[in-house]
S.K.: 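Take a look at the following structure, please.
Labels below follow one simple rule: chain letters A, B, ... track the order of the sequence lines, proteins then strands, and each chain is numbered from 1.
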Number of protein chains: 2
Amino acid sequence: MRKACENPPKPTVERLPIYRRALEILLDEGCEYTSSCELAELAGVTASRLRKDLSFFGRFGTAGMGYPVRELLDAVNSILGTDRLRDVLLVGMGNLGRAIANHAPLRKCGFRIAAAVDVSPAKVGRVICGVRCYPPSETARLVREGGIEFALLTVPPGAAREAAERLAEAGIKAILNFTPVHLRLPRSVVVEEVDFGILLQKVAFAVTQGGGENA
Amino acid sequence: MRKACENPPKPTVERLPIYRRALEILLDEGCEYTSSCELAELAGVTASRLRKDLSFFGRFGTAGMGYPVRELLDAVNSILGTDRLRDVLLVGMGNLGRAIANHAPLRKCGFRIAAAVDVSPAKVGRVICGVRCYPPSETARLVREGGIEFALLTVPPGAAREAAERLAEAGIKAILNFTPVHLRLPRSVVVEEVDFGILLQKVAFAVTQGGGENA
DNA sequence: CACTCCTCGTTACTTTTTTCACAAGAATGA
DNA sequence: TCATTCTTGTGAAAAAAGTAACGAGGAGTG
Ligand SMILES: NC(=O)c1ccc[n+]([C@@H]2O[C@H](COP(=O)([O-])OP(=O)(O)OC[C@H]3O[C@@H](n4cnc5c(N)ncnc54)[C@H](O)[C@@H]3O)[C@@H](O)[C@H]2O)c1
Ligand SMILES: NC(=O)c1ccc[n+]([C@@H]2O[C@H](COP(=O)([O-])OP(=O)(O)OC[C@H]3O[C@@H](n4cnc5c(N)ncnc54)[C@H](O)[C@@H]3O)[C@@H](O)[C@H]2O)c1
């Protein structure tokens, strides 16, 4: 049922996790079938956009009936690569790092904090928030032996570049960068920036200029 | 020097905070003038895109010379509305809320956690991470008397909708929503979703499918 | 002052993304 | 069986965004 996957637009891919969340809500409610209208409403997009998004990856519905929730969810998981639990390396067990380590629902998204790395001797060797801390020198070994592909970077800004380069050398595939530092890494490493300050500025513009347009 | 501001594309607005960050780096280094090339390099975009983005808001450079760093930074701040410190209400002083309250650099972005709201009797009335906690019933008063326009929503998912509605009623202008719950609020409230799980899924796709295309 | 060099701002063009509308397909009920 | 009623998937048109190229206009130089 999966297409050869020509080249899905980037925005389409970014919406898949949102559809996934909506599908899980429907599944929890016991719905077996849903329509593009209902699902789109839940996801906050138009029905036609939803249908087109899905159509990039295959044909999942039956005309007149809609989409089988369970099957569609499985398909989306398969597309996103969240059909199995992925191990994640937490780099920097500080305030933000601990909050994330404590954050159970991440597992529902298909991810598990497998280990943490920190420079602080007070943390190395201990298990904090259920996650064992290792020294940065162990990074490469952890990544290799654990088959870890994803990292969350939550170190102080000054240590960000160095830590990121260590991750890249260790062979990590993707980094969620919470530091306000623009990382310059080889193209082979996917970097996603998460900067609360930037997001606040974005809404600040919407509030002051836009008057009331939604994001 | 500011244009009548026709209608800047959404992506343009989203890049302004990135330019802002780059300009601050240049300012720290003591640069008085910069070029579109240099600034674009720092921001990770093309020079032509940077020039076009700025052109939506006015003319800030002089041909042959480049842009005066200080002036351009002031202009960007003025556009974003970050030319003065904005007060922010923290809703939910849990793990994530405390990490954010501790996060000093937010102030450099133009925001200050002015107060917090939490249901827990153990927290109400206390000052946690330098922020005073109030009961949710005080929300409207805090917003009104403090002139607060922005809120960070970091309550458990089950409490998200109720808390968000309370904020909307209190007259908050924008909400940064850290909960994995899709809020349905009046258009007058700007909502920006911040969901680590969704971001991880996005990079998961890039890693598994894209093979190595950058975000 | 004339000449050259450099960099911005803008326009024309290309690519990407969204929207719209409709034909084809499947279930339901008479 | 056949018509009716949904709802999908898709192709074409429209809108949005990104790219590249160029002309205008200062700054520096001799
Ligand atoms: N706290 C927030 O809410 C928040 C919000 C947005 C961004 N950030 C960013 O996230 C990062 C972390 O914030 P925080 O509040 O958790 O800081 P923090 O100081 O509490 O934690 C940083 C941790 O990283 C460790 N560390 C330092 N150098 C390291 C290295 N080279 N390798 C591994 N570990 C190292 C430290 O020992 C410490 O445990 C900062 O860059 C901050 O700007 C934080
Ligand atoms: N911890 C993370 O890293 C992380 C990451 C992504 C998203 N989130 C989301 O952020 C939210 C908070 O996460 P957390 O780990 O800080 O949870 P938490 O349980 O540690 O904190 C929640 C806080 O909200 C308070 N609260 C509950 N109901 C409230 C109400 N109606 N009004 C005001 N305050 C109320 C609680 O007393 C508690 O202090 C959750 O929705 C979670 O899914 C957390």
S.K.: Any donor-acceptor pair under 3.5 Å linking the side chain of A:Thr154 with the backbone of A:Gly92?
M.R.: yes

S.K.: Taking B:Arg144 for its side chain and B:Gly171 for its backbone only, find out whether a donor-acceptor pair lies under 3.5 Å.
M.R.: no

S.K.: Start with the C-alpha gap between B:Tyr67 and B:Arg51, add the side-chain angles, then the distance that decides, and say whether side-chain contact (heavy atoms from CB on, under 4.5 Å) holds.
M.R.: CA-CA 10 Å; B:Tyr67 298 96; B:Arg51 290 203 300 272; 3.6 Å; yes

S.K.: Hey, is the main chain of B:Met93 close enough, under 3.5 Å, to the side chain of B:Asp118 for a donor-acceptor pair?
M.R.: yes

S.K.: When B:Ile172 is tested against each of B:Ile148, B:Val190, B:Thr139 for side-chain contact (heavy atoms from CB on, under 4.5 Å), which residue passes?
M.R.: B:Ile148

S.K.: With the sugar-phosphate defined as primed atoms, P, OP1 and OP2, and the base as all remaining atoms, what B/S/- string results for nucleotides 24-30 of chain D, 5' to 3', for protein heavy atoms under 4.0 Å?
M.R.: -B-S---

S.K.: Only one of A:Asp195, A:Leu153, A:Ile100, A:Val91 clears side-chain contact (heavy atoms from CB on, under 4.5 Å) with A:Phe178; which?
M.R.: A:Ile100

S.K.: Does B:Lys52 contact D:dT19 through a side-chain donor or acceptor facing the base, at a distance under 3.5 Å?
M.R.: yes

S.K.: Using whole Å, report how far OH of A:Tyr67 lies from C1' of D:dT7.
M.R.: 9 Å

S.K.: Just how far, in rounded Å, is P of D:dT8 from CG of A:Asp53?
M.R.: 14 Å

S.K.: NZ of B:Lys10 versus P of D:dG18: gap in Å, rounded?
M.R.: 12 Å

S.K.: Whole Å only: how far is the CZ atom of A:Phe60 from the C1' atom of D:dG9?
M.R.: 12 Å

S.K.: In terms of the nearest nucleotide of DNA chain D, which residue is placed more toward the 5' end: B:Pro9 or A:Leu54?
M.R.: A:Leu54

S.K.: Any carboxylate oxygen within less than 4.0 angstrom of a Lys/Arg side-chain nitrogen, looking at B:Arg70 and B:Asp74?
M.R.: yes

S.K.: Can you figure out which of D:dT10, C:dT19, C:dT17 approaches the side chain of A:Pro11 most closely?
M.R.: C:dT17

S.K.: Could you state the CZ-P distance from A:Arg49 to D:dG9, rounded to the nearest angstrom?
M.R.: 17 Å

S.K.: Return the value, rounded to whole Å, for the distance between atom CG of B:Leu50 and atom P of D:dA20.
M.R.: 15 Å

S.K.: Any chance the side chains of B:Arg98 and A:Asn95 put a donor and an acceptor closer than 3.5 Å?
M.R.: no

S.K.: If you check the A:Ser48 side chain, which of C:dT17, D:dA17, C:dC20 turns out closest?
M.R.: C:dC20

S.K.: Among the nucleotides C:dG9, D:dG18, C:dT18, which one has an atom lying closest to any side-chain atom of B:Arg51?
M.R.: C:dG9

S.K.: Rounded to the nearest Å, what distance is computed from the CG atom of residue B:Leu72 to the P atom of nucleotide C:dC8?
M.R.: 11 Å

S.K.: Taking B:Glu165 first and then B:Arg161, would you say they form a salt bridge - that is, a charged N and a carboxylate O separated by under 4.0 Å?
M.R.: no

S.K.: With the threshold set at under 4.0 Å for non-hydrogen atoms, list the residues of residues 14-35 of chain B touching DNA chain D in residue-number order.
M.R.: B:Arg15

